[in-house]
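Comments concern the structure below.
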Amino acid sequence: MSEEHRETGTGWPQPAEPGRPSGPAGEPDPRPDAPDPDELSPLAPVEPAAPEQEDVPEPAEEPGASAAGAKPAPVSRRLTSAGAMIAVLLALLGFTLVVQLKTTSTDPTLAATREEDLVRISSDLDSRERRLRQDIEALEESQRQLRSGEQGRQAALEEATRRADELGILAGTLPAVGPGLSVRFEGPEKAVEAERILDAVQELRGAGAEAMQIAGADGTAVRIIASTYFVDAPGGGLVVDGRRLTGPYVISVIGDPATLRTALNIPGGVVASVEEAGGNVTPVDSEAVEVSQLHAPIKLEHARPVS
């Protein structure tokens, strides 16, 4: 092997490349555009190319593994739907509570009511509740007595007697006595005509009158009941249930005196109308007003009690 071959390290003569002049080894190419001999030297280090990755087939999935991997998706969807439904229900519940609280807190009736009125309303409700409870207790006691043998029969008899007395007073078949008023009407015929006397009777009934009678100047009295009528008599005076009375007239009424007096003195009521016509109304309180005039029992021809 020649020295030239040892210096180049090729071991064997290399054939000359086309277009490259041959010359002594180690001498540069005299051409101006000649490439660098280091780049063409076989001893120049060459970076190895990255090995191409071969397409390796992915291992086939087992049937069991594929089925197991597909399960989480439906579970996630179910959880998402449940969460959305819970959120909607909570939103509806919150909206309902807010509306209810707002409606309760902005009640215009309670907001416009004064504190004194609220206290009075509360007191009235408490009183009404107490009265209702007392009535319930009384009815329950009556029921127990009616169910207890001899004592029940005695209680039933007493209850029937009490009811008969009440109905007799209302029907005018029994006399009555109690607190009330004696109301005197006097004045010209126009001031004490039948219409004004009837208005007075209606006002007293509305105020809780339990028994009434009317008497004329000569002492003739007529018991006033539900069917009593009043008409002006020819030549003056009144005809009450077919009996003629002359003025002045006195109505005896049993009931709460204060309530009865208030009913007569309401603005534009009986007292005002009689005084406007030139008459006078004089109520007198009494602790024991007697209503002794009786009314004949009414014989019913058509009405019958319901059995």
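Note that this is a predicted model, so its numbers are computed, not measured.
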>> Do the side chains of D285 and R261 get close enough for a salt bridge, i.e. N-O under 4.0 angstrom?
In response: yes
>> Under 4.0 Å between a side-chain nitrogen and a carboxylate oxygen: does that hold for E159 and R162?
In response: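 So E159 pairs with R162 through a salt bridge.
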Once you round to the nearest 0.5 Å, how far does [atom1] of [X] lie from [atom2] of [Y]?
X: T161; Y: R163; atom1: OG1; atom2: CZ; result: 12.0 Å
X: E203; Y: L198; atom1: CD; atom2: CG; result: 10.5 Å
X: R128; Y: D126; atom1: CZ; atom2: CG; result: 11.0 Å
X: I214; Y: R243; atom1: CD1; atom2: CZ; result: 12.0 Å
X: L238; Y: E193; atom1: CG; atom2: CD; result: 9.5 Å
X: M212; Y: T228; atom1: CE; atom2: OG1; result: 8.5 Å

Quick one: does [X]'s side chain get under 4.5 Å of [Y]'s, heavy atoms only?
X: L204; Y: L264; value: yes
X: L125; Y: E129; value: no
X: H295; Y: T173; value: no
X: P175; Y: L294; value: yes

Over all heavy atoms of both residues, which pair between [X] and [Y] is shortest? Give the atoms and the distance, please.
X: A217; Y: G247; value: CB-O, 3.4 Å
X: S227; Y: I298; value: OG-CD1, 4.0 Å
X: A277; Y: R196; value: CB-NH2, 3.8 Å
X: A211; Y: R223; value: CB-NH2, 4.2 Å
X: E210; Y: I169; value: O-CG2, 4.0 Å
X: T220; Y: L245; value: O-CD2, 3.3 Å

Hydrophobic clustering (ILVMFWY, side-chain heavy atoms < 4.5 Å, transitive) - are [Y] and [X] grouped together?
X: Y249; Y: I251; answer: yes
X: V271; Y: V274; answer: yes
X: V240; Y: I197; answer: yes
X: V201; Y: V253; answer: yes
X: F230; Y: V270; answer: yes

For [Y], is there any backbone N or O sitting under 3.5 Å from a side-chain donor or acceptor partner on [X]?
X: E189; Y: G237; answer: yes
X: Y229; Y: G242; answer: yes
X: Q213; Y: Q293; answer: yes

>> Assess the residue pair V281 and R184 against the criterion (side-chain contact (heavy atoms from CB on, under 4.5 Å)); give the C-alpha distance rounded to whole Å, side-chain angles, the decisive distance to 0.1 Å, and a yes or no.
In response: CA-CA 6 Å; V281 179; R184 182 182 178 88; over 6 Å; no
>> Is it true that, when you exclude E290 itself, more than 12 heavy atoms of the residues, nucleotides or ligands shown sit nearer than 6.0 Å to its CD?
In response: no
